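Shown next, in structure tokens, is the structure this report addresses.
The structure presented is a predicted model; accordingly, all values stated were derived computationally and were not measured.
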Amino acid sequence: MNMKLRVRNIISTMFAMFLMLCSAATYADAPVDSSQNLAKIQGQIWQGTRDGKPGEGSLFYRLEFGTDDTVEVTKQSGGFNHSEIQHWSLAGNELTITSQADSLIKDFDGAKMSFVEDETIRFSLDGDGFNIHKWYQNRAFGHVLLVLIGLMILNEICRRFKYSNYLLWFILPIVLIPLWSSYGVTYWFKWVKLYSVVGAAALFTLIRFTKVGDMKWAKFGAAAFLAINITEAVMQDFSMGNLANVLNAIGGVLSIITLAGWAQIYADKSKQQDMIWPAMTTFWIIAYDVWNIVFVYLNFPGSATAQMMVLIAATLPALFIKKGTWLQARAFTLAGSFMYYFSCPFMYESNVVPMPRNDELMLAAGAASFVINSAYAYVFFTGKWKRRQALTTAS
């Protein structure tokens with residue numbers, strides 16, 4: 001058996017074991033011993049993420065239970081940050097959280113909240129449901145680090161082993177549709193994002209290893225995928241209507257209009273046959289990273305820390321391992337992170353590391369995104385104007 005075949009077999013086996021782990025981690029239908037539930041609640045922290053309605057993005061809840069009958073309920077969503085003290089009670093396997101008359105957070109009123117596993121509570125109300133997980137700080141931080149290291153390894157596997165790309169970006173996104181659909185991920189943005197970035201990774205594979213890489217449409221397609229990826233997020237930001245989101249959306253628009261040099265994209269002659277975009281500057285990458293993390297921070301607060309690791313996983317290799325490969329690394333790491341989430345949402349949702357968040361911080365983040373992308377746009381267009389003036393003078 002040659003080395004490449006061994007590597008493919010190892011990758012396939014590892015992924016199969018990963019799927020088995022994910023399957024085992026999902027909640028079961030059998031209730032646990034109700035006498036144990038009190039100890040799981042008192043003095044403990046539970047967290048959950050929930051797909052919001054259009055204009056809300058994703059909702060993040062944090063429940064910090066006291067040793068009495070009080071619980072500090074935190075809710076974060078697009079344009080909403082609030083924490084307040086509410087009351088809880090436990091009857092057998094059913095948990096009830098009751099708001100006050102003047103409470104701003106009414107989300108748990110009338111909901112059925114049942115223990116479905118030792119560390120999972122199922123929320124159900126009017127046909128809507130999501131899971132709330134017991135939170136362990138060390139495990140959550142460990143998971144964030146695992147995401148960073150795992151995606152950097154994934155990027156190197158895709159660079160070094162040709163056929164891993166065909167398995168990851170052509171076969172698995174089709175084979176795993178039944179599994180992904182079974183988890184009830186309904187928010188349109190997540191599905192659009194999943195297949196747009198998987199499609200980008202698939203195109204980049206063809207550019208690297210086939211004659212497609214010599215075709216002008218493919219090079220334009222590579223840049224177009226990035227522009228579309230940003231546009232999807234810009235539309236989401238504008239739909240929110242908050243000042244912070246609007247400022248960030250403008251930053252995203254500036255990222256799009258300052259993309260340049262797509263016709264220079266090529267697959268190099270190295271052993272890895274990397275896809276290189278020579279005109280992609282470090283300043284643009286940093287401005288993009290700021291815009292993107294602000295976008296997730298504003299719209300998907302439960303995913304912000306993990307998505308920051310996804311961005312870093314693409315940026316570090318592009319800056320310190322091989323320059324010019326950022327777009328390739330961005331596609332591989334982002335597609336890998338979405339496939340991981342869709343294959344095992346429990347791991348993401350139970351290990352959220354919250355970022356500090358309030359209205360002032362959100363506005364500051366949106367302003368920072370606007371400023372740094374405006375600064376790059378100024379540098380970019382000033383440089384173009386100077387080059388044009390130099391050519392005019394020379395002629």
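- Residue L63 is tested with I45, I97, I41, T74 for a side-chain contact (heavy atoms from CB on, under 4.5 Å); the sole match is I97.
- Stacking of K190 on the aromatic ring of F338 is not recorded, the 6.0 Å distance cut-off and the 45° axial limit not both being met.
- Annotation for F220: atom CZ does not count as buried by contact number, only 12 or fewer foreign heavy atoms lying within 6.0 Å.
- For the pair W262/K216, a side-chain contact is recorded, criterion being any heavy-atom separation below 4.5 Å from C-beta on.
- Between E84 and Q86, the side chains place a donor N or O and an acceptor N or O closer than 3.5 Å (distance only, hydrogens not considered).
- Under the 4.5 Å side-chain criterion, counting only non-hydrogen atoms from C-beta, F295 is in contact with Q236.
- Remark: the T281 side chain and the Y376 side chain contain an N/O donor-acceptor pair separated by less than 3.5 Å.
- Atom NZ of K112 has 12 or fewer neighbouring heavy atoms from other residues, nucleotides or ligands inside a 6.0 Å radius.
- Neither side chain, T333 nor N155, offers a donor N or O lying under 3.5 Å from an acceptor on the other.
- W88 and T70 share no donor-acceptor pair across their side chains, judged by distance under 3.5 Å alone.
- Through side-chain heavy atoms spaced under 4.5 Å, either directly or across other Ile, Leu, Val, Met, Phe, Trp or Tyr residues, Y266 is tied to I276.
- Taking a 6.0 Å sphere around OH of Y341, one finds it holds more than 12 heavy atoms contributed by other residues, nucleotides or ligands.
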(message) Quick one, F300 with Q307, criterion side chain to side chain contact (heavy atoms under 4.5 Å, CB included). Give me CA distance, side-chain angles, the key distance, then yes/no.
(response) CA-CA 10 Å; F300 301 94; Q307 288 304 313; over 6 Å; no
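- Inter-residue side-chain proximity for M355 and P301 is flagged as unmet; no heavy-atom pair is nearer than 4.5 Å.
- Taking the six-membered ring where the residue is Trp, Y288 and W291 present tilted rings, their angle falling between 30° and 60°.
- Contact check for F115 versus K40: side-chain heavy atoms found under the 4.5 Å cut-off.
- Heavy-atom neighbours of D68 CG from other residues, nucleotides or ligands within 6.0 Å: above the threshold of 12.
- Listed by first then second residue, pairs satisfying salt bridge (Lys or Arg N to Asp or Glu O under 4.0 Å) with a partner in residues 319-333 read D268-K322, D274-K322, not counting sequence neighbours.
- Evaluation of the salt bridge (Lys or Arg N to Asp or Glu O under 4.0 Å) test over residues 127-139, restricted to residues two or more places apart or in two chains, returns R50-D128, E119-R139.
- With a 4.5 Å cut-off on side-chain heavy atoms, N299 and S58 do not count as touching.
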(request) Kindly determine whether S350 and W135 satisfy side chain to side chain donor-acceptor pair (under 3.5 Å), including the steps that lead there. (result) CA-CA 6 Å; S350 64; W135 188 70; over 6 Å; no
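- No side-chain heavy atom of W169 sits under 4.5 Å from any side-chain heavy atom of L203.
- You'll find the side chain of W326 reaches within 4.5 Å of the side chain of T315, heavy atoms only.
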